[in-house]
Amino acid sequence: MPLYEQQTVKVTNSLTGRKETFNPLKKGYIGMYVCGPTVYSNVHLGNCRTFISFDMIFRYFKHLGFKVRYVRNITDAGHLENDADDGEDKIAKKAKLEQLEPMEVVQRYTVDFHDTLKKFNLLPPSIEPTATGHIIEQIEIIKEILGKGFAYEKNGSVYFDVVKFNASHEYGKLSGRKLEDMIANTRELAAQDEKKNPQDFALWKKAEPQHIMRWPSPWGDGFPGWHLECTAMSTKYLGENFDIHGGGMDLKFPHHECEIAQAEASNGKSPVNYWLHANMLTLNGKKMSKSTGNNIYPSEMFSGKNAILSKAFPPSVVRFFMMQAHYTSILDLSDSALLASEKGYHKLMEAYSAISQLPTGPTSDFDVKAWTQQCYNAMNDDFNTPILIAHLFDAVKRINLIKEGKETITEADKNELSNTFNSFVFDVLGLEDQSTSDGNSQTMEGVVNLLIDLRNQARANKDFETSDKIRDELTALGIQLKDGKDGTTFSIN
RNA sequence: GGCAUCGUGGCCGAGUGGCUAGGCACAGCUCUGCAAAAGCUUGUACAGCGGUUCGAAUCCGCUCGAUGCCUCCA
């Protein structure tokens with residue numbers, strides 16, 4: 001029996017604002033779409049949090065035995081710089097600034113995106129489609145919407161008619177907005193002459209002669225509007241109605257609202273059953289922003305070359321730090337918070353590596369079965385990773401007590417403890433034990449063990465000057481010696 | 001100005017109508033040649049003001065503050 005038949009997952013659905021029991025459209029299968037990055041600059045840490053959150057969700061569903069098709073797009077065209085201007089898009093603008101071909105920009109930042117996510121140990125999605133690879137599909141959807149009368153053409157551009165759509169549908173249901181309020185609160189904007197209403201959004205934008213990224217269409221040369229690609233690609237790979245759509249909170253409005261409108265206008269169906277939104281990452285309590293300098297790139301964090309943090313932090317520590325907060329909460333990144341997480345992370349990893357050496361006995365003081373189910377309960381409750389981690393630390397405490405001979409565990413319980421711990425820490429949370437992952441660890445282990453022997457000899461001879469020198473210099477190199485009842489072990493930080 | 005989310009102990013962060021997560025830091029103890037590591041113990045917090053209730057940090061109202069969106073943004 002697959003695990004998903006034993007565990008019931010609840011998710012916070014942004015569409016209803018409630019926590020709901022998750023039931024996929026087809027038993028055992030899940031279709032999940034997550035809005036990917038716009039590849040016009042290096043991916044920053046805030047972006048990473050969203051993708052890490054959904055990676056954890058993807059991993060948990062897979063762990064439960066679901067067959068998941070996870071689609072995460074690459075936006076390589078179509079985001080308008082400013083829809084009041086002449087229709088230049090972000091990719092094209094950057095290309096001109098750097099004297100590059102648009103696709104050269106796309107390539108560079110796509111590679112950066114993949115490299116970075118790989119460092120954070122993200123699983124690749126099932127399909128990673130690009131906007132430029134789905135121009136035809138987008139044009140077809142525009143035709144559908146025009147045919148249903150929910151869009152209009154003006155000077156080679158096509159706009160979605162929000163007011164008309166709202167008369168028969170509910171525009172704003174995801175973000176809790178009402179069109180009347182939005183019209184009443186419209187800001188003074190520059191000329192919006194082509195649009196009937198400021199709330200209308202572009203489905204297709206006419207390309208000016210100097211515009212490099214352009215495709216032919218029934219309305220002339222141009223490029224697709226900024227919400228359309230996700231509707232085209234999610235429909236193509238997951239169907240007109242699918243299980244989960246995710247993305248950052250900041251995409252809820254207008255992006256996801258417009259996706260719902262486009263899908264409902266073109267095929268009459270509400271596209272998504274469960275909308276999941278990952279919350280923002282702030283830095284020292286403030287929004288990350290390049291213009292104010294309150295911003296950090298993953299590479300700066302891994303190298304320690306930045307003005308914000310006191311030291312370098314490896315990807316797994318950063319991932320662990322993120323997993324200590326719920327994905328729907330705003331998380332604030334700071335040096336002290338990362339330092340605290342790093343210690344906790346090492347404690348967790350060391351407890352895991354201690355499991356295999358644990359002595360076993362005829363009885364267990366630790367109810368491993370109940371503990372295992374508690375771990376599932378935490379994840380079933382809207383992927384509550386902070387609670388899961390709290391349970392993992394309960395196990396850490398027990399492992400250390402057993403190691404010290406203060407409690408006992410049976411062979412069978414030890415195996416289950418090891419399996420559950422392994423599943424949740426590595427498969428579900430996606431953490432990596434970075435001290436064991438480097439290739440020189442065997443050599444290193446031999447060298448350090450030799451030094452430990454020398455130190456112990458010195459200690460036996462009461463030559464504490466030598467023994468302390470070995471200990472202190474190893475500490476300075478990031479190698480910590482641990483004197484226990486059964487000899488000395490070490491860990492590398 | 002509008003919409004939304006949120007305000008928890010020294011810090012980070014869960015949770016929730018009564019049984020007071022977890023991590024880090026701090027203090028004491030055990031262990032140690034001294035430390036570190038590990039373990040044990042202590043610390044009763046939920047922005048403010050009203051209200052509902054036998055009982056609220058948890059529900060309602062107001063005030064203040066934060067963050068996000070309303071223009072591209074994970």
Side-chain angles (χ1 to χ4, degrees), chain A residues 14 17 34-38 40-41 43-54 75 79-85 89-90 93 172 175-178 181-182 184-187 189-190 198-199 226 246-255 257 277-282 285-290 320-321 324-326 328-348 350-351 354 378 381 384-394 396-397 399-401 403-404 406-407 459 462 464 467-468 471-472 475 480-485 488-491:
Chain A
S14 305
V34 171
C35 291
T38 303
Y40 72 102
S41 68
V43 63
H44 75 247
L45 208 60
N47 299 306
C48 293
R49 184 189 181 200
T50 296
F51 301 125
I52 290 170
S53 294
F54 285 104
T75 296
H79 275 223
L80 298 178
E81 182 71 25
N82 177 341
D83 62 6
D85 71 8
D89 84 24
K90 272 188 172 175
K93 180 166 188 179
S175 54
R177 286 160 212 245
K178 288 189 167 50
D181 295 345
M182 288 163 59
N185 288 302
T186 300
R187 289 198 221 161
L189 282 175
Q199 283 69 37
W226 39 295
M249 274 296 287
D250 50 352
L251 295 183
K252 201 171 180 182
F253 187 88
H255 184 61
E257 202 70 74
H277 286 98
N279 219 139
M280 301 291 102
L281 181 73
T282 57
K286 292 268 150 47
K287 179 192 179 182
M288 281 201 194
S289 155
K290 284 177 215 168
F320 178 71
F321 163 74
Q324 279 186 299
H326 191 88
T328 57
S329 297
I330 293 172
L331 174 64
D332 186 49
L333 186 94
S334 64
D335 196 51
S336 57
L338 280 166
L339 251 14
S341 285
E342 180 162 52
K343 293 201 176 176
Y345 164 81
H346 286 302
K347 191 170 163 183
L348 191 67
E350 281 172 35
D381 186 13
N384 199 323
T385 53
I387 294 288
L388 169 65
I389 289 170
H391 292 317
L392 292 174
F393 276 107
D394 286 343
V396 169
K397 195 170 196 170
I399 290 165
N400 287 323
L401 283 168
K403 194 167 82 179
E404 297 210 340
K406 289 177 180 162
E407 290 196 353
R459 290 173 76 198
K462 304 228 184 280
F464 297 123
S467 68
D468 287 355
R471 179 182 70 195
D472 296 342
T475 303
Q480 184 179 45
L481 300 188
K482 297 170 183 181
D483 297 325
K485 285 225 168 2
T488 304
T489 56
F490 71 94
S491 67

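Chain A is the first sequence line, chain B the second, and so forth, proteins listed ahead of strands; every chain is numbered from 1.
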Participant: Take A/D250 and A/L401, find for each the nucleotide of RNA chain B with the closest heavy atom, and name the residue whose nucleotide sits nearer the 5' end.
Facilitator: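 Its nearest nucleotide being more 5', the pick is A/L401.
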Participant: Please report the distance separating the P of B/C12 from the corresponding atom of B/C19, rounded so that it comes out in whole Å.
Facilitator: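 Each nucleotide's P atom is 25 Å from the other's.
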Participant: Within less than 4.0 Å of OP1 or OP2 of B/A14, is there a side-chain N or O belonging to A/N384?
Facilitator: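 So the side chain of A/N384 is outside the cut-off, no N or O lying under 4.0 Å from OP1 or OP2 of B/A14.
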Participant: With nearest nucleotides of RNA chain B determined for A/S334 and A/T50 from heavy-atom distances, which residue corresponds to the more 5′ nucleotide?
Facilitator: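 Result: A/S334.
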Participant: Measure the spacing between SG of A/C35 and NE2 of A/H277 and express it to the nearest 0.5 Å.
Facilitator: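 So the SG of A/C35 and the NE2 of A/H277 are separated by 8.0 Å.
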Participant: From the set B/C70, B/C72, B/A35, return the single nucleotide nearest to any side-chain atom of A/F253.
Facilitator: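 Between B/C70, B/C72, B/A35, the one nearest the side chain of A/F253 would be B/C70.
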Participant: Which word best sums up how the rings of A/F320 and A/F393 line up, parallel for under 30°, tilted for 30 to 60°, or perpendicular for over 60°?
Facilitator: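 A/F320 vs A/F393 ring planes: perpendicular.
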Participant: Taking atom P of B/A14 as reference, at what distance in whole Å does atom CG of A/L388 sit?
Facilitator: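 That distance rounds to 14 Å.
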Participant: If you measure from the P atom in B/A45 to the same atom in B/G10, how many Å do you get, rounded?
Facilitator: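 These two P atoms come out 10 Å apart once rounded.
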Participant: What residues form a side chain to side chain contact (heavy atoms under 4.5 Å, CB included) with A/I330, not counting sequence neighbours?
Facilitator: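 With sequence neighbours excluded, A/I330 shows a side chain to side chain contact (heavy atoms under 4.5 Å, CB included) to A/N279, A/T282, given in chain and number order.
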Participant: Taking 4.0 Å as the cut-off, does a side-chain nitrogen or oxygen of A/K397 come that near to OP1 or OP2 on B/C40?
Facilitator: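 Looking at the OP1 and OP2 atoms of B/C40, one of them is under 4.0 Å from a side-chain N or O of A/K397.
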Participant: Quick one: the side chain of A/R177 and the base of B/C69, do they pair up donor-acceptor inside 3.5 Å?
Facilitator: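 Under the 3.5 Å cut-off, the side chain and the base do form a donor-acceptor pair.
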Participant: Rounded to the Å, how far apart are A/Q324 CD and B/A21 P?
Facilitator: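 Rounded to the whole Å, the gap is 17 Å.
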Participant: Map every base of RNA chain B to its dot-bracket character, where paired means a Watson-Crick or G-U wobble contact with both distances under 3.5 Å and | marks a partner outside the strand.
Facilitator: (((((((..(((.....[...)))..((((.......)))).....(((((..]....))))))))))))....
Participant: Rounded to the nearest Å, what distance is computed from the CD1 atom of residue A/I387 to the P atom of nucleotide B/G23?
Facilitator: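 In whole Å, B/G23 P lies 12 Å from A/I387 CD1.
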Participant: Quick one: label A/N400 by what it contacts on the DNA or RNA (base, sugar-phosphate, nothing), any heavy atom closer than 4.0 Å.
Facilitator: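 Touches sugar-phosphate only.
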Participant: Please name all residues satisfying ring pair (Phe, Tyr, Trp, His ring centres under 6.0 Å) with A/F51, sequence neighbours left out, ordered by chain then number.
Facilitator: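 Ring pair (Phe, Tyr, Trp, His ring centres under 6.0 Å) list for A/F51, sorted by chain: A/F113.
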Participant: Answer yes or no: side-chain N or O of A/D483 and base N or O of B/A35 forming a donor-acceptor pair under 3.5 Å.
Facilitator: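 Side chain to base: pair present.
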Participant: Rounded to the nearest angstrom, tell me the gap between atom CE in A/M249 and atom C1' in B/C73.
Facilitator: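 A/M249 atom CE is separated from B/C73 atom C1' by 14 Å.
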Participant: In whole Å, what separates the C1' atom of B/U53 from that of B/C59?
Facilitator: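 B/U53 and B/C59 have their C1' atoms separated by 10 Å.
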Participant: Taking any heavy-atom pair under 4.0 Å as a contact, classify A/A325: base, sugar-phosphate, or nothing.
Facilitator: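 Sugar-phosphate contact only - A/A325 comes under 4.0 Å of backbone atoms but never of a base.
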Participant: Say we look at B/A56 and B/G50: how far apart would their P atoms be, to the nearest angstrom?
Facilitator: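 B/A56 and B/G50 have their P atoms separated by 14 Å.
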Participant: Taking salt bridge (charged side-chain N to carboxylate O under 4.0 Å, His left out) as the test, write out the residues that go with A/K406, two or more places apart.
Facilitator: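 With sequence neighbours excluded, A/K406 shows a salt bridge (charged side-chain N to carboxylate O under 4.0 Å, His left out) to A/E404, given in chain and number order.
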Participant: Taking only the side-chain heavy atoms of A/L281 (C-beta and beyond), determine which of B/A74, B/A21, B/G13 contains the nearest atom.
Facilitator: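 Closest nucleotide to the A/L281 side chain: B/A74.
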Participant: Contact class for A/G46 vs. all strands (heavy atom < 4.0 Å): base, sugar-phosphate, or nothing?
Facilitator: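 The answer is base, as A/G46 lies within the cut-off (heavy atoms under 4.0 Å) of a base atom.
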Participant: Any chance you could measure A/Q199, atom CD, to A/M182, atom CE, to the nearest 0.5 Å?
Facilitator: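 Between atom CD of A/Q199 and atom CE of A/M182 there are 5.0 Å.
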Participant: In terms of side-chain heavy atoms of A/R459, which of B/C12, B/G33, B/A21 is nearest?
Facilitator: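 In terms of side-chain proximity for A/R459, the closest of B/C12, B/G33, B/A21 is B/G33.
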Participant: Please report the distance separating the C1' of B/A74 from the corresponding atom of B/U41, rounded so that it comes out in whole Å.
Facilitator: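 Going atom to atom, C1' in each nucleotide, I get 44 Å.
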Participant: Using a strict 4.0 Å threshold on nitrogen-to-oxygen distance, state whether A/K397 and A/D394 make a salt bridge.
Facilitator: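 No, no charged N to carboxylate O under 4.0 Å.
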Participant: Between atom CG in A/N279 and atom C1' in B/A66, what is the gap in whole Å?
Facilitator: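 That distance rounds to 13 Å.
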Participant: Could you tell me whether A/T328 contacts a base, only the sugar-phosphate backbone, or nothing, with contacts defined as non-hydrogen atoms closer than 4.0 Å?
Facilitator: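 The answer is nothing, as A/T328 stays clear of every strand by at least 4.0 Å.
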Participant: Each nucleotide N or O in nucleotides 24-27 of chain B that has a protein N or O under 3.5 Å away: list the pair and distance.
Facilitator:
unit_1, atom_1, unit_2, atom_2, d
B/A25, OP1, A/K343, NZ, 2.6

Participant: Could you measure between the two C1' atoms, the one in B/A47 and the one in B/G9, and give it in whole Å?
Facilitator: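 Their C1' atoms lie roughly 14 Å apart.
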Participant: Within the structure shown, what part of the strands sits under 4.0 Å from A/K178 by heavy-atom distance: base, sugar-phosphate, or nothing?
Facilitator: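 A/K178: no heavy atom of the nucleic acid under 4.0 Å.
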Participant: Apply side chain to side chain contact (heavy atoms under 4.5 Å, CB included) to A/A351 and list each qualifying residue two or more places apart in sequence or on a separate chain.
Facilitator: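 Testing A/A351 for side chain to side chain contact (heavy atoms under 4.5 Å, CB included), a comparison that skips the adjacent residues, returns A/V396, A/I399.
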Participant: Between atom CG in A/L45 and atom C1' in B/C73, what is the gap in whole Å?
Facilitator: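 Taking CG of A/L45 and C1' of B/C73, I get 15 Å after rounding.
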Participant: Identify which nucleotide among B/A74, B/G39, B/U71 has an atom closest to any side-chain atom of A/F51, counting heavy atoms from C-beta outward.
Facilitator: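 The closest nucleotide is B/A74.
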Participant: Can you check the A/M280 CE to B/U67 C1' distance for me, whole Å?
Facilitator: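 About 10 Å, once rounded to whole Å.
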Participant: Where do A/L281 and A/L45 land on the side chain to side chain contact (heavy atoms under 4.5 Å, CB included) test, with the steps shown first?
Facilitator: CA-CA 8 Å; A/L281 181 73; A/L45 208 60; 4.0 Å; yes
Participant: Rounded to the nearest Å, what distance is computed from the NE2 atom of residue A/H346 to the C1' atom of nucleotide B/A38?
Facilitator: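 My rounded result for the distance is 16 Å.
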Participant: Can you name the ring pair (Phe, Tyr, Trp, His ring centres under 6.0 Å) partners of A/H326, sequence neighbours left out?
Facilitator: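 Scan of A/H326 (ring pair (Phe, Tyr, Trp, His ring centres under 6.0 Å), adjacent residues dropped) gives none.
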Participant: Taking the P atom of each, how far is B/G48 from B/U8, in whole Å?
Facilitator: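 One P to the other, the span is 10 Å.
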Participant: Could you please name the option among B/A38, B/C73, B/G22 that lies closest to any side-chain atom of A/E404?
Facilitator: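 Output: B/A38.
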Participant: Holding to side chain to side chain contact (heavy atoms under 4.5 Å, CB included), I want the full list of residues that pass it with A/S467, two or more places apart in sequence or in another chain.
Facilitator: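 For A/S467, the residues satisfying side chain to side chain contact (heavy atoms under 4.5 Å, CB included) (neighbours in sequence not counted) are A/R455, A/A458, A/R459, A/F464.
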Participant: Please identify each residue that fulfils salt bridge (charged side-chain N to carboxylate O under 4.0 Å, His left out) with A/E407, with sequence neighbours left out.
Facilitator: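 With sequence neighbours excluded, A/E407 shows a salt bridge (charged side-chain N to carboxylate O under 4.0 Å, His left out) to A/R398, given in chain and number order.
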Participant: Hey, does the side chain of A/S329 come within less than 4.0 Å of B/A14's phosphate (OP1/OP2), counting only N and O?
Facilitator: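 A/S329 to B/A14 OP1/OP2: side-chain N or O found under 4.0 Å.
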Participant: Under 4.0 Å, heavy atoms only, any strand: does A/L338 hit a base, just the sugar-phosphate, or nothing?
Facilitator: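 If one applies the 4.0 Å heavy-atom cut-off, A/L338 turns out to touch nothing in the nucleic acid.
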Participant: To the nearest 0.5 Å, what is the distance between CD (A/Q324) and CD1 (A/I389)?
Facilitator: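 Rounded to the nearest 0.5 Å, the CD-CD1 separation comes to 5.0 Å.
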Participant: Would you mind telling me which of B/C34, B/A36, B/G39 lies closest to the side-chain atoms of A/D468?
Facilitator: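 The answer is B/C34.
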Participant: How far, in whole Å, is B/C62 from B/C70 if one measures between their C1' atoms?
Facilitator: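 Comparing C1' positions in B/C70 and B/C62 gives a spacing of 25 Å.
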